[in-house]
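Working notes for the structure below.
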Amino acid sequence: MTITTRFAPSPTGYLHVGGARTALFSWLYARKSGGQFILRIEDTDLERSTQESVNAILEGMAWLGLDYDLGPFYQTHHFDRYKEIIQQLIAQGDAYYCYCSKDELEQLRTEQMANKEKPRYNGKCRDAQVVELDRQPVIRFKNPVDGVVTIPDLVKGDIVVANKELDDLIIARGDGTPTYNLTVVVDDMDMKVTHVIRGDDHINNTPRQMNILNALGAELPKYAHLPMILGADGARLSKRHGAVSVMQFRDEGYLPEALLNYLVRLGWSHGDQEIFSLDEMVEYFELADVNVSASTFNMEKLLWLNHHYIMTAEPEHVARHLSWHMGQLELDLSAGPALVDVVKIQRERSKTLVEMAAASVYFYKEFESYDEKAVKKNFSVGTDQVLSCLHEQLLTVADWKAEFVHEVIVQLAESLSLNMGKVAQPLRVAVCGCAVSPAIDMTLELLGQKKTLARVERAIAYIKTLN
Ligand code: GLU
């Protein structure tokens, strides 16, 4: 039997990190078992589903590198099949038309609440052979009345629910459209899903779905319900805690492997290992090691992981992702050094790619103004002369490499009896516009001789205006 898992998002918003973690765990389980992973878009709620959201899901999956073997399937393409199953359930006596009106149901609910009973459908139409032609009936599943359903949950252990707690679920609305629990069951059955891995907000649906599957004579999948993700304040992770959409993490400068590594540890552990390559995740992942209780999202840790991957990933890989951010800043990458070289000198000081991009603008574009503080601290009377001497020397460098640039700076500092900082800092402000950059010799090498000289000239002229 091929292990088959699926990720089944409803396209009603962005791809939330909680959803991404569900997708990751399902993907990992399929990959580690040599099975298959399905992407299924649950778009039957026509009012709330949008193409934009479908795109966001596909984009998020692609950015994370979570590839699927089958799909994306769209539930809206399966309406005929759902109808067929609904009719089958009616024919075999496992479903029935219910003509109870909204008002009637509301009244029932009010009475039950007043009697301190749990609100549930009373089964009025269950055995009554009523046909009211002037009213569109809904269709309800005939849930067993006795016994219990035991969910053998791979994360939480057995969860036992008494059938008397479950009322007869609506599987088709008055307009004939199927409801969530029915469509999920039909697709999981048809797609031969062996492991349903999803958020624990679905636990309430599971016994109902198991009962429908039983009525259809289908084999039951195994279930693994993943605990919630909380914000630092203990509330369910949401927008007000910061970034929650996968693409927002991209926008904020995270590498997909950092987010994946963060998400895998959020609710799963393998000893006390923190850093996992994708291969290691696939090798070590076990549903049995998923935490039972909720986990708290920790931005600091994600940032730490991001820096780790920026430092250790192949520079070419980081450069590919950085180029997207440079594009956001509308920089012309052909106007400066190879991005991979920029990555190599910037990565130590950059925790995110947004930081790295912002700190690398001067390689590709003239800056418009000097940082005020940097000017105050490093451009003073006489600095123009230091820069003039530097200009003279830099002009003579035949082989524009960091080591030769370095020599020029050291020698000039010596000959003027200045410490290195007094030469290197004004030079840095002159070429970068600010007081922070990677090692000045490497910065100059990447910037190139022509641009360096032009910027030093510009700074000399600027300093003169200060006096
Ligand atoms: N479409 C459901 C959701 O987005 C998930 C269904 C499932 O995983 O069974 O919450």
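Because the structure is predicted, anything quoted here is derived from the model rather than measured. The residues of the chain are indexed from 1 along the displayed sequence.
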Check residues 291-300 and write down every donor-acceptor pair under 3.5 Å in which the side-chain atom is one partner and the other belongs to a residue at least two apart or another chain.
| from | atom 1 | to | atom 2 | distance (Å) |
| --- | --- | --- | --- | --- |
| Asn298 | OD1 | Glu300 | N | 3.0 |
| Asn298 | OD1 | Lys301 | N | 3.1 |

Using distance alone, with no hydrogens and no angle criterion, decide if [X] and [Y] have a side-chain donor and acceptor under 3.5 Å apart.
X      : Y      : value
Asn163 : Asn143 : yes
His202 : Gln209 : no
His225 : Thr206 : yes
Tyr309 : His321 : no

Considering only distance and modelled atom types, tabulate donor-acceptor pairs under 3.5 Å from the side chains of residues 324-332, sequence neighbours left out.
| from | atom 1 | to | atom 2 | distance (Å) |
| --- | --- | --- | --- | --- |
| His325 | NE2 | Arg250 | O | 3.3 |
| Asp332 | OD1 | Ser334 | N | 3.0 |
| Asp332 | OD1 | Ser334 | OG | 2.6 |
| Asp332 | OD2 | Ser334 | OG | 3.3 |

Taking [Y]'s backbone N and O only, do any of them form a donor-acceptor pair with [X]'s side chain (distance below 3.5 Å, no angle check)?
X      : Y      : value
Gln346 : Val343 : no
Trp27  : Asp67  : yes
Gln273 : Ile275 : yes
Arg347 : Met311 : yes
Thr352 : Ser350 : no

So does [X] pair up with [Y], basic N to acidic O under 4.0 Å?
X      : Y      : answer
Asp188 : Arg40  : yes
Lys32  : Glu283 : no
Arg31  : Asp69  : yes
Arg135 : Glu104 : yes

- Going by heavy atoms in the side chains, are Val340 and Val318 under 4.5 Å from each other?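 Val340 vs Val318: side chains apart.
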Can you tell me if [X] has over 12 outside heavy atoms packed within less than 6.0 Å of its [atom1]?
X      : atom1 : value
Arg173 : CZ    : yes
Glu219 : CD    : no
Lys351 : NZ    : no
Glu52  : CD    : no
Arg120 : CZ    : yes

- Item | Single hit among Tyr29, Phe276, Tyr284 for ring pair (Phe, Tyr, Trp, His ring centres under 6.0 Å) with Trp268 |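 Result: among Tyr29, Phe276, Tyr284, Phe276 is the only option passing the ring pair (Phe, Tyr, Trp, His ring centres under 6.0 Å) with Trp268.
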- Task: Determine the interplanar angle of the Tyr74 and His77 rings, folded into 0 to 90°, and report it as parallel if under 30°, tilted if 30 to 60°, perpendicular if over 60°.
- Result: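 Rings of Tyr74 and His77: tilted, 30 to 60°.
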- Message: The test is side-chain hydrogen bond (donor to acceptor under 3.5 Å, both in side chains); show your working for Asp187 and Gln75 and say whether it passes.
- Response: CA-CA 8 Å; Asp187 283 335; Gln75 288 196 315; 2.8 Å; yes
- Query: Within 45° of the axis and under 6.0 Å from the centre of the six-membered ring of Phe25, does NZ or CZ of Arg21 qualify?
  - Reply: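 Geometry flag: set, cation within 6.0 Å and 45°.
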- Message: Would Arg140 pass as a cation-pi partner of Tyr121, given that its NZ or CZ must be under 6.0 Å from the six-membered ring centre and within 45 degrees of the axis?
- Response: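 Yes - Arg140 lies over the ring of Tyr121, closer than 6.0 Å to its centre and within 45° of its axis.
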- Got a sec, which residues hit side-chain contact (heavy atoms from CB on, under 4.5 Å) with Glu117, two or more places apart in sequence or on another chain?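 Partners of Glu117 by the side-chain contact (heavy atoms from CB on, under 4.5 Å) criterion, ordered by chain and then number, come out as Gln112, Asn115.
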- Under the side chain to side chain donor-acceptor pair (under 3.5 Å) test, which residues partner Thr5, sequence neighbours left out?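 Result, side chain to side chain donor-acceptor pair (under 3.5 Å) vs Thr5: none returned.
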- Who are the side chain to side chain donor-acceptor pair (under 3.5 Å) partners of Tyr364, not counting sequence neighbours?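 In terms of side chain to side chain donor-acceptor pair (under 3.5 Å), with neighbours along the sequence ignored, Tyr364 is linked to no residue.
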Using a 3.5 Å cut-off and no angle test, enumerate the donor-acceptor pairs between side-chain atoms of residues 433-440 and protein atoms at least two apart in sequence or in another chain.
| from | atom 1 | to | atom 2 | distance (Å) |
| --- | --- | --- | --- | --- |
| Ser437 | OG | Arg428 | NE | 2.8 |
| Ser437 | OG | Thr443 | OG1 | 3.4 |

